[in-house]
Asker: 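Pasting a structure below so you can have a look.
Heavy-atom basis, side chains included; hydrogens, waters and symmetry copies ignored.
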Amino acid sequence: MRTATLGPAQRAESLAAMAERELDVLVIGGGVVGAGTALDAVTRGLSTGLVEARDWASGTSSRSSKLIHGGLRYLEMLDFALVREALKERGLLLERLAPHLVKPVPFLYPLRHKGWERLYAGSGVALYDAMSMARGHGRGLPAHRHLSRRHALRVAPALRKDALVGALQYYDAQMDDARFVTTLVRTAVSYGAKAANRARVTGFLREGERVVGARVQDVEAGGEYEIRARQIVNATGVWTDDTQAMVGERGQFHVRASKGIHLVVPRDRISSTSGLILRTEKSVLFVIPWGRHWIIGTTDTDWDLDKAHPAASSADIDYLLEHVNSVLAVPLSRDDVEGVYAGLRPLLAGESDATSKLSREHTVAHPVPGLVVVAGGKYTTYRVMAKDAVDEAVRGLDQRVADCVTEDVPLLGAEGYRALWNARARIAAGTGLHVVRVEHLLNRFGSMAEEVLDLIAADPSLGEPLPAADDYLRAEIVYAASHEGARHLDDVLTRRTRISIETFDRGTRSARDAAELMAPVLGWDKDHVEREVAHYEKRVEAERESQLQPDDLTADAARLGAPDIVPL
């Protein structure tokens, strides 16, 4: 099937088309649930629109632990239904829907007590594997295994010898969360959905009690559109309550934000061939392999400050370093930290004060005619959330609509990926790129890597690495602007690539080169390039300052020192 381009022309055409005639479904929110909802709706034959106030996945969906997992710890809470559902989705993504984006990852769980702990934890991991196999989607991952202390230390020499008496090793999966969402949006557009980022909903259109559309501001070019739709889906995550307030309805449930922060350190700082999962007094801590890096996270604390830019405080960073250092033979210091990022989980508020005990289940409601709300849940189960949201919207449509088919709709780049992977040496020889570069492109774009290679064929200089961020080719920056909807430098350095957390300079040394590569695609002049670079540098400076602050309040104030970019 044809791929879809999220370039400047497509965005303008989509906004105009959405305002031209009434849609069946308008989805508000361009995170994983909103993008998944748009794909679900359009593949049922419904005319579908998708709008996002900022960039695709700019909220929670680019700031997760980047895991696709069943949630091993939810077994301990006896939440078998959630684990069973998530394991099925993990299998679908690994094997059918997105094998180019979702990859197996091993985890080592150090045992601290002899006898009972191996029996207790081993039973849980065995049940986890059995539940996965029972759904028929677990055959792509190796089974768990029990390790002696000696064997565990061979797998993870970084561990202190007195930090374990043995270990368990099991497998889950991981992905680049922001890249996954962009691919979801492009897939929805390839089936006919209209999508526009930097398009903010400022209010709803009403006819009596019924919601019949939304007023949408074009944040980039100015102007406001009235987009009418027979059903609107509010999939705005931690902004759910704010969006509901525009209708004058508080809604049937309340969404509470829980902050989780992650640290990124170079791969050579922790000697291990496996990720780690460690138990803390509140939850669990992951040490996750991430290319030439490790991601360490996460925290779980209540947050009621700025939702767009949650800030990591010095106390947050100390918490993670203290807990990971409790098991490392060579402890990490602040100087080892390349990147820090903070995200907000949208949790359904319950009786408990502890956010780690709030529900990870999702809820769908129809608070007023014409408006569906979906909230809660976890990244792994986005497809189920989307299905439930569209099912609810369909109940408000006076027509027969097909059932959900997304279980059998691979994301763009999946089709042909394995064949191209098998041919990667031949592709490398034909393009002049090293085979490692070709593997990198295939694992980021799947079969759409051929479009990136076409850019390099037309301009061989784009086959060179980006200065100061040599994991990425210059062509990837151009492609982000021309095909993936990137509108600003921040979009490219933070979400289309992960340069902002994978380099000690946080991307500032690459900023000017990247902006100059984007300029011809987006029609920027020299002054605009200067503004983009200056804004990005201020953002990094504000984030660094926030990470020196002692608590959430002062960290939030420091982070807000860098304003959001406003196109001129």
Side-chain angles (χ1 to χ4, degrees), residues 1-4 6 14 17-18 20-52 84-86 88-93 95-99 135-137 180-181 183-196 210-214 227-235 362-375 377 379-415:
M1 63 175 290
R2 66 184 180 88
T3 63
L6 301 181
S14 287
M18 283 189 271
E20 192 173 286
R21 59 177 59 92
E22 185 183 50
L23 300 167
D24 291 324
V25 176
L26 173 65
V27 183
I28 305 170
V32 71
V33 176
T37 300
L39 178 59
D40 187 295
V42 76
T43 52
R44 297 193 198 200
L46 298 171
S47 59
T48 303
L50 172 65
V51 291
E52 159 59 39
R84 189 181 300 113
E85 182 178 80
K88 176 190 174 183
E89 295 304 310
R90 184 191 72 176
L92 282 170
L93 289 165
E95 297 164 20
R96 183 189 304 168
L97 303 184
R135 301 296 293 184
H137 293 291
F180 190 95
V181 173
T183 307
L184 260 182
V185 175
R186 291 185 69 187
T187 306
V189 171
S190 74
Y191 283 101
K194 305 299 180 184
R210 187 176 189 83
V211 173
V212 296
I227 299 176
R228 293 186 168 267
R230 297 167 66 198
Q231 291 288 315
I232 293 179
V233 178
N234 173 7
H362 68 272
T363 295
V364 175
H366 218 140
V368 294
L371 179 65
V372 172
V373 186
V374 55
Y379 200 112
T380 303
T381 56
Y382 81 89
R383 196 191 63 81
V384 179
M385 296 176 68
K387 173 187 177 297
D388 291 349
V390 177
D391 282 348
E392 185 63 34
V394 164
R395 291 189 185 97
L397 297 174
D398 186 22
Q399 67 186 77
R400 186 172 179 82
V401 177
D403 291 337
C404 173
V405 297
T406 55
E407 194 170 314
D408 296 305
V409 178
L411 302 194
L412 287 182
E415 189 175 340

Asker: Given side chains that start at C-beta, do those of Arg383 and Leu92 come closer than 4.5 Å, heavy atoms only?
Answerer: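 Yes, at least one pair of side-chain atoms sits under 4.5 Å.
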
Asker: Give, for atom CD of Glu392 and atom OG1 of Thr37, the distance between the pair rounded to the nearest 0.5 Å.
Answerer: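 The distance works out to 12.5 Å.
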
Asker: I would like to know whether Val32 and Met385 meet side chain to side chain contact (heavy atoms under 4.5 Å, CB included); could you show each step before the answer?
Answerer: CA-CA 10 Å; Val32 71; Met385 296 176 68; over 6 Å; no

Asker: Would Asp391 and Arg395 pass as an ion pair if we require N to O under 4.0 Å?
Answerer: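 Salt bridge absent between Asp391 and Arg395.
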
Asker: Under 3.5 Å, is there a donor-acceptor pair between the side chain of Thr363 and the main chain of Ala375?
Answerer: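 Not confirmed, Thr363 side chain does not pair with Ala375 backbone.
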
Asker: Is there a donor-acceptor pair closer than 3.5 Å between any side-chain N or O of Arg210 and the backbone N or O of Arg230?
Answerer: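 Yes: the side chain of Arg210 pairs with the backbone of Arg230.
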
Asker: Give the intermediate values and the outcome of side chain to side chain contact (heavy atoms under 4.5 Å, CB included) for residues Thr406 and Leu97.
Answerer: CA-CA 9 Å; Thr406 55; Leu97 303 184; over 6 Å; no

Asker: Hey, could you give me the NZ/CG distance between Lys194 and Leu23, rounded to the nearest 0.5 Å?
Answerer: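 Output value for this atom pair is 9.5 Å.
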
Asker: Can you find a pair of side-chain heavy atoms, one from His362 and one from Val33, that are under 4.5 Å apart?
Answerer: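 No, side chains not in contact.
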
Asker: Looking at every non-hydrogen atom in both residues, tell me the closest pair between Asp40 and Cys404 and how far apart they are.
Answerer: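 Reported closest heavy-atom pair: OD2-SG, 3.0 Å.
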
Asker: For Val189 and Ala195, work out which heavy atoms get closest and say how close.
Answerer: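 Heavy atoms of Val189 and Ala195 come nearest at CG2-CB, 3.7 Å.
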
Asker: For the backbone of Ala4 and the side chain of Arg186, can you confirm whether one donor and one acceptor N or O come within less than 3.5 Å of each other?
Answerer: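 Yes: the side chain of Arg186 pairs with the backbone of Ala4.
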
Asker: Looking at Val25 and Val27, what are the two nearest heavy atoms and their distance?
Answerer: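 That closest heavy-atom pairing would be CG1-CG2, 4.0 Å.
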
Asker: Heavy atoms, side chains only, cut-off 4.5 Å: are Val233 and Val390 in contact?
Answerer: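 They are not in side-chain contact.
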
Asker: Kindly indicate, with the supporting measurements, whether the criterion side chain to side chain contact (heavy atoms under 4.5 Å, CB included) is fulfilled by Leu39 and Tyr382.
Answerer: CA-CA 11 Å; Leu39 178 59; Tyr382 81 89; 5.8 Å; no

Asker: Testing the basics here: between Asp24 and Leu46, what is the closest heavy-atom pair and its distance to 0.1 Å?
Answerer: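 Asp24 and Leu46 have their closest heavy atoms at OD2-CA, 3.5 Å.
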
Asker: So which heavy atom on Val181 is nearest to which on Gly30, and how close?
Answerer: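 What the structure gives for the nearest pair is CG1-O, 3.5 Å.
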
Asker: A side-chain contact here means heavy atoms from C-beta on lying under 4.5 Å apart; do Glu52 and Val185 qualify?
Answerer: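 No; the side chains remain at least 4.5 Å from each other.
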
Asker: Which value, rounded to the nearest 0.5 Å, describes the distance between Leu26 atom CG and Leu371 atom CG?
Answerer: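 One gets 10.0 Å once the value is rounded to the nearest 0.5 Å.
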
Asker: Would the distance check show the side chain of Thr187 and the main-chain N or O of Leu412 forming a donor-acceptor pair, the cut-off being under 3.5 Å?
Answerer: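 Confirmed, Thr187 side chain pairs with Leu412 backbone.
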
Asker: Walk me through whether Lys88 and Glu85 qualify under salt bridge (charged side-chain N to carboxylate O under 4.0 Å, His left out).
Answerer: CA-CA 5 Å; Lys88 176 190 174 183; Glu85 182 178 80; over 6 Å; no

Asker: Could you tell me which non-hydrogen atom of Val384 sits nearest to which non-hydrogen atom of Glu89, and how far apart they are?
Answerer: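 Closest approach of Val384 to Glu89: CG2-OE2, 3.4 Å.
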
Asker: Salt bridge (charged side-chain N to carboxylate O under 4.0 Å, His left out) for Asp408 and Arg96? Distances and angles first, verdict last.
Answerer: CA-CA 8 Å; Asp408 296 305; Arg96 183 189 304 168; 2.9 Å; yes

Asker: Apply the test side chain to side chain contact (heavy atoms under 4.5 Å, CB included) to residues Thr48 and Tyr191: give CA-CA distance (whole Å), side-chain angles for both, the deciding distance (0.1 Å), then the verdict.
Answerer: CA-CA 10 Å; Thr48 303; Tyr191 283 101; over 6 Å; no

